[in-house]
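A short worksheet on the structure shown next.
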Amino acid sequence: MKIATFNVNGITARLPTLLRWLEESRPDIACLQELKAPQERFPEAAIREAGYGFAWHGQKSWNGVAILARGADPVERRRVLPGDPEDLHSRYIEATVGDIVVGCLYLPNGNPAPGPKFDYKLRWFDRLSARAAELVAREEPVVLAGDYNVIPEARDAEFPAAWEGDALFRPQTREAFRALKWLGFSDAYLEADGAPGAYTFWDYQAGAFQRDDGIRIDHLALSPEAADRLRGAAVLRYTRSWEKPSDHVPVAVDLDLG
DNA sequence: ATGTCTCGATCCTCGAGA
């Protein structure tokens, strides 16, 4: 079973690219982030035509997350991360697909740091960890996939010094990411491959992709029961060279599940 | 720091966010 995560940076502008990727890569489950469209503007017909059922949580202008399943309808469990009724950003959706629990997340960027946006990022991270602790206690295969906006280690950036002090690389951010690890979740790419240079994001500006000025910030965290079944992982760098690319590329993992 | 992109309001361009 191939499970992938892809920050599309606008599902309306990215629809042709998304459809091409679904057709060529045929993930069984696709977690999408940064859809930037209100709930009623999801391209339902095109996604169904491509062979996918879906659950999605939209928002005007910003955020927005979706879980797609090939030949199946994901069973939505929740569309809000618990712990803050005043947080109205659509950054989390959770569903089951067969026997697997999938959480699709778009963690706040958090810049400028320090500041209120960084505080929000850390609070959001705490809420994610609390939810992750609940999920891991069930001893089921769980995948928490998405744009974490976290550079876990210096090796996950081509120019780590340029990210010193940035919300994506601050010690507190990296510590919060490690908290998921201490709960029992593993970084699928690291476990299955781990080769350096597997960046998932390059800024559109200043020729960042041409200089390979990238960072690895899109991750799939696996519960122990999912990690037991991990067979491989891949970062689909080539999609960054397509027409009208997202600034992120998909990351896919292969799990030996049903 | 910025050589870009997307969205939305409103408008034929700009600000915000990333």
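As the structure is a computational prediction, the values presented were derived from the model and not from experiment. Naming: A, B, ... by sequence-line order, numbering from 1 per chain.
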If you draw the axis of the six-membered ring of A/Phe201, does the NZ or CZ of A/Arg216 fall within 45° of it and under 6.0 Å from the ring centre?
no
With C1' as the reference atom in both, quote the distance from B/dA1 to B/dT13 in angstrom, rounded to an integer.
25 Å
Using atom P in both nucleotides, what's the gap between B/dA16 and B/dT10 to the nearest angstrom?
15 Å
Could you check A/Leu107 against A/Leu128 for side-chain contact (heavy atoms from CB on, under 4.5 Å), going step by step and ending with a plain yes or no?
CA-CA 9 Å; A/Leu107 216 131; A/Leu128 178 65; 4.0 Å; yes
For a 4.0 angstrom threshold against heavy atoms of chain A, report the outermost contacting nucleotides of DNA chain B in 5' to 3' order.
B/dT2 to B/dA18
Is it possible for you to check whether A/Arg240 lies under 6.0 Å from the centre of the six-membered ring of A/Phe209, through NZ or CZ, and within 45° of that ring's axis?
yes
Considering every strand and a 4.0 Å limit on heavy-atom distances, what is the contact class for A/Ala13: base, sugar-phosphate, or nothing?
sugar-phosphate
Think A/Arg170 forms a cation-pi with A/Phe118, using NZ or CZ under 6.0 Å from the six-ring centre and within 45 degrees of its axis?
yes
Reckon A/Ser246 touches a base, only the sugar-phosphate, or nothing at all at heavy-atom distances under 4.0 Å?
nothing
Under a single-linkage rule joining Ile, Leu, Val, Met, Phe, Trp and Tyr whose side-chain heavy atoms are separated by less than 4.5 Å, which residues share a cluster with A/Leu190?
none
For atom P, what is the distance between B/dT2 and B/dC7, given to the nearest Å?
25 Å
Please collect all side-chain hydrogen bond (donor to acceptor under 3.5 Å, both in side chains) contacts where either partner lies in residues 42-69 of chain A, sequence neighbours excluded, each pair once.
A/Arg48-A/Asp73, A/Gln59-A/Asn63, A/Gln59-A/Ser90, A/Asn63-A/Arg91
When A/Lys117 and A/Lys36 are each assigned the nearest nucleotide of DNA chain B, the 5'-most assignment goes to A/Lys36
Starting at the 5' end of DNA chain B and moving along, which residue's nearest nucleotide shows up first, A/Gly10 or A/Ala162?
A/Ala162
